[in-house]
Amino acid sequence: MRALLLCGLALAGCTAAPPPPAGGPTGQALYRSFDPQVDALLAQMTLAEKIGQMTQADQEFLTDEAHIRTYALGSILNGGGSDPVTNSREDWTAMVQRYQDLASQTRLGIPLLYGVDAVHGHANVVGAVVFPHNIGLGATRNPDLVQEIAHVTAREVRATGINWTFAPSVAVPRDDRWGRTYEGFAEDPALVASLGEAAVRGYQGDDPGAPDRVVACAKHFAADGGTTLGTGITLDGVDYPFDRGDARISEAELREVHMQGYVTAIAAGVATIMPSYSSWNGVKASASRRMLTEIIKEELGFEGFLISDFAAIDEIPGDYRSDIETSINAGMDMVMVPARYELFVRTLTELVEDGSIPMSRIDDAVRRILRVKFAAGLFEPDWSAEPLHVAAFGSEAHRAVARQAVRESVVLLHNRDGRLPLAASLGRIHVVGAAADDIGIQSGGWTIEWQGATGAITEGTTILAGIREAAGPGTEVTHSADGSGAEGADVIVAVVGERPYAEMFGDDLALRLPEEDAAVIATASGAGVPVVTVLLSGRPLVVPEVFEASDAVLAAWLPGSEGGGVADVLFGTFAPTGRLPFTWPRTVAQQPLNLGDADYDPLFPYGFGLGY
Ligand code: BGC
Ligand code: BGC
């Protein structure tokens, strides 16, 4: 059917290929199956049109929206915090439609692949359901649930007219001091491989062009979670210890630890892969022909395309011209420029014209991009499924899936004398900590803003609100942000943890509570009332004072918008089943500490989790 519809477009010389048979190609074979249509289109394209397809700009850096038409750009993204003015679903949809209209006015009218970081729900958009970050999903050990979450997310993304998410991360974070630890499902490659595959299936299904699916992106290839302490990026004079650093590891370790998620994602048919900002033994992934062409494409049989990370090629040693030459020749297919797209287009054109980049490499890149566009259904006139999903966006049904994910992600670490679950008959529960009543803190980075933000940044239920809903009719629920006022209460629920961060800004050598929250614990524990602590964090923290002060401790990770799921566990309507996806160390000096290490002596081992 797709071939017939393509021929309905004004494409000269289009030959109808037979429609893919029902029960037809899946996995990577799907992309190759579009080669007849792709080749017919490629044969008509000028060099400028091909280079346009390889160029992705961030919409916030378009100096003129009409440049989408002028340069026949192949793709647009919204980076973290790159939003339309009101950040409503309606504004997102209108923005995307405006850009697609410009793409349709080009000579060949090739639609845009439109990318966004829907990494824990479509969480850039106000009102979308925000799921737990991957670390919490790792604690669920539930691939069916991860698949369903990705499917729900795909529907919410389609509700804004967008067709591509830069997810899942299949990083295997090995040192929890890395700021992106929460983006990974687990320290164990096998769990990452299983949940990463489930996520790809949920986003794409067997047919990424179906109206309820989007194109997925496995990232960041590879060993982004294996960088060596002290090798990270220096930005504005600040040295970050891990992020964008160098993984100084053998090829055997690269394969056994860091590549497993790509093997399963590719088998599940992932359409795009994002090479990492980081390096492997001193060579940037974006510059590595070994990684991009020999391993991903030739060895693993990947037939989709590679999208660079955000200005990542700019970090390759040398000037911009040599960055482009090195990366494209290494096998990069599309570049997330994201700002200086005019310079990129001009320079890439010169590099092809002077023979520095062979035309065969350009054709290979564009063939791969077009395959994915066909597979995503973009050439079908009714590709936009937005109206189908408007009512489901942020709906109660979607929130129920997120709440299930939250309750399955919570790990009970400590429970002296069966303090939890809380009885329904308590006279007063005193909830303490600013984080108890803050959607932004419980959602973490990549929520509305790139770095996330504190406060009522989107819709949802805070943990405090969840406790109020769940408490029995005779129970009074009080709250203080600073920990005071507990005297006379039956129990204190302290909600403390990290403040939102993303990427290098989360690199942290101490892994302590913020001072404000350490003070909350100190104040609350002086009241002579039993303390139950809920920890919100993107990784295990080193907080002996919390374990000393608390009768029970729950690790709730970064649960997202549905705080009711935490209350479900506190009150025992759901007995905890979550299990640690990361080893919980005694001291920060033990990092990196992972399952299978010699001298493994953690506070709580990988897989630990109590029940009631
Ligand atoms: C991140 C990616 C992300 C991209 C687009 C980069 O900084 O490393 O994970 O997909 O930005 O926002
Ligand atoms: C963008 C993010 C991106 C980051 C990378 C930010 O300005 O909004 O999407 O991940 O830069 O440095």
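Numbering of ligands and ligand atoms starts at 1, following listing order.
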Going by the order shown, which atoms of ligand 1 are within less than 4.0 Å of some heavy atom of [X]?
X      : result
Gly79  : 12 (O)
Tyr277 : 6 (C), 7 (O), 8 (O)
Lys219 : 2 (C), 3 (C), 9 (O), 10 (O)
His220 : 2 (C), 8 (O), 9 (O)
Phe166 : 10 (O)
Asp309 : 1 (C), 2 (C), 3 (C), 4 (C), 6 (C), 7 (O), 8 (O), 11 (O)
Phe310 : 6 (C), 7 (O), 11 (O)

Looking at OH of Tyr341 and CD1 of Ile76, how far apart are the two atoms once the value is rounded to the nearest 0.5 Å?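 Output value for this atom pair is 8.0 Å.
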
At what distance, to the nearest 0.5 angstrom, does CD of Gln451 lie from CH2 of Trp446?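 Answer rounded to 0.5 Å: 8.5 Å.
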
Are Arg361 and Glu325 close enough, and set up right, to give a salt bridge (Lys or Arg N to Asp or Glu O under 4.0 Å), and what steps lead you there? CA-CA 11 Å; Arg361 180 69 270 280; Glu325 179 181 350; over 6 Å; no

Give yes if a backbone or side-chain nitrogen or oxygen of [X] is under 3.5 Å from a nitrogen or oxygen of ligand 1, and no if not.
X      : value
Trp446 : no
Glu183 : no
Glu503 : yes

For Glu386, run the salt bridge (Lys or Arg N to Asp or Glu O under 4.0 Å) check against Arg89, Arg158, Arg155 and tell me which one passes.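 Output: one option passes, namely Arg89.
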
Would you please name every residue forming a side-chain contact (heavy atoms from CB on, under 4.5 Å) with Arg98, sequence neighbours left out?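 So Arg98 forms a side-chain contact (heavy atoms from CB on, under 4.5 Å) with Glu65, Met95.
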
Using a 4.0 Å heavy-atom cut-off, say whether Gln56 meets ligand 1 through its side chain, its backbone, both or neither.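 Answer for Gln56: neither.
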
Report the part of Trp450 (side chain from C-beta onward, or backbone N, CA, C, O) that has a heavy atom under 4.0 Å from ligand 1; answer both or neither where that applies.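 Within the 4.0 Å criterion, Trp450 makes no contact with ligand 1.
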
Apply salt bridge (Lys or Arg N to Asp or Glu O under 4.0 Å) to Glu187 and list each qualifying residue two or more places apart in sequence or on a separate chain.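 Residues passing salt bridge (Lys or Arg N to Asp or Glu O under 4.0 Å) with Glu187: none at all.
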
Ile110 and side chain to side chain contact (heavy atoms under 4.5 Å, CB included): which single residue from Leu370, Val366, Ile369 fits?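 Result: among Leu370, Val366, Ile369, Leu370 is the only option passing the side chain to side chain contact (heavy atoms under 4.5 Å, CB included) with Ile110.
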
Donor-acceptor pair, His67 side chain versus Ala72 backbone, under 3.5 Å?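 No; judged by distance alone, with no hydrogens or angles, the pair does not exist.
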
